[in-house]
Amino acid sequence: MRIETLKGDITCLEVDAIVNAANQALAGGGGVDGAIHSAAGARELHEACAAIGHCDPGDAVVTPGFNLPARWIIHTVGPVWKGGDRSEAATLASCYRRSIQLADEVGASSVAFPAISTGVYGYPPDQAAAVAVSALRQVSGATSVERSILVAFDDFTFNLYKGMLGQELQ
Ligand code: ADP
């Protein structure tokens with residue numbers, strides 16, 4: 001599995017699956033969650049999420065992408081940052097792992113991730129980027145996922161990813 005980065009709006013990407021930084025109630029919210037709900041079609045996505053009902057931190061669920069270019073949305077719930085000693089890193093790593101597992105279950109070959117937990121949930125972006133890259137590098141075994149894309153919404157995050165992925169960028 002190749003790990004790439006790009007800067008931009010995840011809702012516009014022509015990939016098989018995009019990952020949403022959701023909340024436990026799958027209720028929609030601000031940030032990337034709000035952008036994904038609006039772009040996918042708020043009513044349809046809200047209904048699909050309500051039918052699933054709940055997702056624990058570190059876990060993920062999948063819905064269709066509705067009006068998005070992406071066929072699937074993988075909703076994962078990141079940890080709320082509480083200083084770093086509440087297993088935040090393990091929970092965040094689990095978000096990336098579980099998302100790749102679900103992407104494999106639906107047969108996605110390309111998956112785009114936002115910087116989970118680094119907005120309202122307050123995870124320090126540098127530490128979150130390190131967890132993201134390390135969790136994705138540890139994906140082993142057969143998977144349908146050929147490309148995972150770490151999507152940065154700002155230059156700071158983009159530079160973090162570029163620095164960490166330096167050797168893997170072409
Ligand atoms: P969380 O609640 O998990 O912290 P947020 O949505 O508040 O989630 O933020 C997660 C990250 O998503 C932040 O780095 C934010 O800048 C980024 N983000 C917000 N909107 C978009 C978007 N449309 N595309 C990609 N990333 C986005």
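Ligands are counted one by one from 1 in listed order, and the atoms in each one are counted from 1 as well. A quick note: this is a predicted structure, and the numbers were derived from the prediction, not measured.
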Requested in this report: Report the member of W81, F113, Y121, F153 with the shortest heavy-atom distance to atom 18 (N) of ligand 1.
Outcome: F153
Between [atom1] on residue [X] and [atom2] on residue [Y], distance to nearest 0.5 Å:
X: R86; Y: T91; atom1: CZ; atom2: OG1; answer: 11.5 Å
X: R71; Y: L68; atom1: CZ; atom2: CG; answer: 13.5 Å
X: R2; Y: L136; atom1: CZ; atom2: CG; answer: 13.0 Å

Protein heavy atom at shortest distance from [atom]:
atom: atom 10 (C) of ligand 1; value: A115 O, 3.3 Å
atom: atom 6 (O) of ligand 1; value: V32 N, 2.8 Å
atom: atom 8 (O) of ligand 1; value: A21 CB, 3.8 Å
atom: atom 7 (O) of ligand 1; value: V120 N, 2.9 Å
atom: atom 13 (C) of ligand 1; value: T118 OG1, 3.4 Å
atom: atom 5 (P) of ligand 1; value: G119 CA, 3.9 Å
atom: atom 24 (N) of ligand 1; value: I10 N, 3.0 Å

Query - Numbered atoms and elements of ligand 1 in range of G8, under 4.0 angstrom, heavy atoms - result: 24 (N), 25 (C)
Requested in this report: Give the atoms of ligand 1, by number and element, whose distance to some non-hydrogen atom of D9 is under 4.0 Å.
Outcome: 22 (C), 23 (N), 24 (N)
**Report entry** T76 side chain to D59 backbone, donor-acceptor under 3.5 Å
**Finding:** yes
Query raised in the report: Are the side chain of H54 and the backbone N or O of Q24 linked by a donor-acceptor pair below 3.5 Å?
Result: yes
Query raised in the report: Stepwise, does the side-chain contact (heavy atoms from CB on, under 4.5 Å) test hold for V77 with H75?
Result: CA-CA 7 Å; V77 180; H75 306 261; over 6 Å; no
**Report entry** L13 side chain near P69 side chain, heavy-atom distance below 4.5 Å
**Finding:** no
Query - 4.5 Å side-chain heavy-atom contact, I3 and F113 - result: no
Query raised in the report: Are any of the heavy atoms in S117 under 4.0 Å away from ligand 1?
Result: yes
